**Student:** 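Take a look at this one; I'll ask things after.
Computed from a prediction, not measured in an experiment: that's the story for all the values here. When a residue number appears, it is its place in the shown sequence, counting from 1. All ligand and atom numbering here is 1-based and tracks the order in the structure.
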Amino acid sequence: MHVHDTNHSHLPVPQRACLFLDFDGTLVNIAPTPDGVVVPTDLTALLDDLCDALGGRIALVSGRGVSSIETHLPAFVGIVIGGHGAEMRDQNGTMVRLAGCDTDTAGAHDWARQVGLKYPGVGVELKRTGAAIHFRQAPEWELSVRRAAEVFADETTGLAVQESHMAIELRPKCANKASAIESLMRANPFAGYRPIFAGDDQTDRPAMDFCQAAGGIAISVNGIHPTADIQLGSPRAVRALLRDWLG
Ligand SMILES: [Mg+2]
């Protein structure tokens, strides 16, 4: 049982903060398929206002590829970190590959296509930095897909298995959300500000830990992080908290 806390008094004022936000399950409800996500009408305006209030010290931090975030949030002009920290669209709109390790992306794509053929009903998502298998619509294959992913990750170099909501993913071993945020925090415009991170998934927990250790605040959605500073129950509650915070 966690406490639902919609009070923003724990948050540093926007003038002293920087903000890192997961997308699926944090800003928008999780959909049956990644493409099926519905972006609430108030989200674009909220992100715009956050960008202004924070002087650009805001980044979306997603397991999706940057191009997928751009499809769903075409008006967002801030920084986007994609592929669990493997790639970034920086404040100038330039694509940067963050993770320096060599990964066999083509091999991961081949593997994912084969899994898609072998296990009917699973969804195959090819990313610039890896591949994901979604089994929300075929949950009976979860164990088989996980085992197959583990075997493939063992056999190849530079790829790690990443668990998320009803999906198993191969991502670059050296990429994660926490290290991507850490590198952003070393430079302008983020350095010296208190980081706030909001997330709802296992992949978000190290990023939350990093922000707390850096004197910032972790916002946990749906109880993913029991020792986060703020516990919220839904993306709607996250959006409401951020809106209240701007005043
Ligand atoms: Mg999420």
**Student:** For F210, check ring-ring contact (aromatic ring centres under 6.0 Å, His included) against everything at least two apart and list the hits.
**Tutor:** none
**Student:** Could you check whether T129 and E87, counting side-chain N and O atoms only, form a donor-acceptor pair closer than 3.5 Å?
**Tutor:** no
**Student:** Which residue pairs pass the side chain to side chain donor-acceptor pair (under 3.5 Å) test when at least one of the two sits in residues 108-117, sequence neighbours left out?
**Tutor:** D110-R113
**Student:** Extract all donor-acceptor atom pairs below 3.5 Å that involve side chains of residues 35-54 and protein atoms in other chains or at least two apart in sequence.
**Tutor:**
residue : atom : partner : partner atom : Å
D49     : OD2  : R243    : NH1          : 3.0
D49     : OD2  : R243    : NH2          : 3.1

**Student:** Does the pair E70/R89 count as a salt bridge with the N-to-O cut at 4.0 Å?
**Tutor:** yes
**Student:** Does NZ or CZ of R57 lie under 6.0 Å from the centre of the six-membered ring of F190, at an angle within 45° of the ring axis?
**Tutor:** no
**Student:** Give the total of protein N/O/S atoms at a distance below 2.8 Å from the Mg ion (ligand 1).
**Tutor:** 3
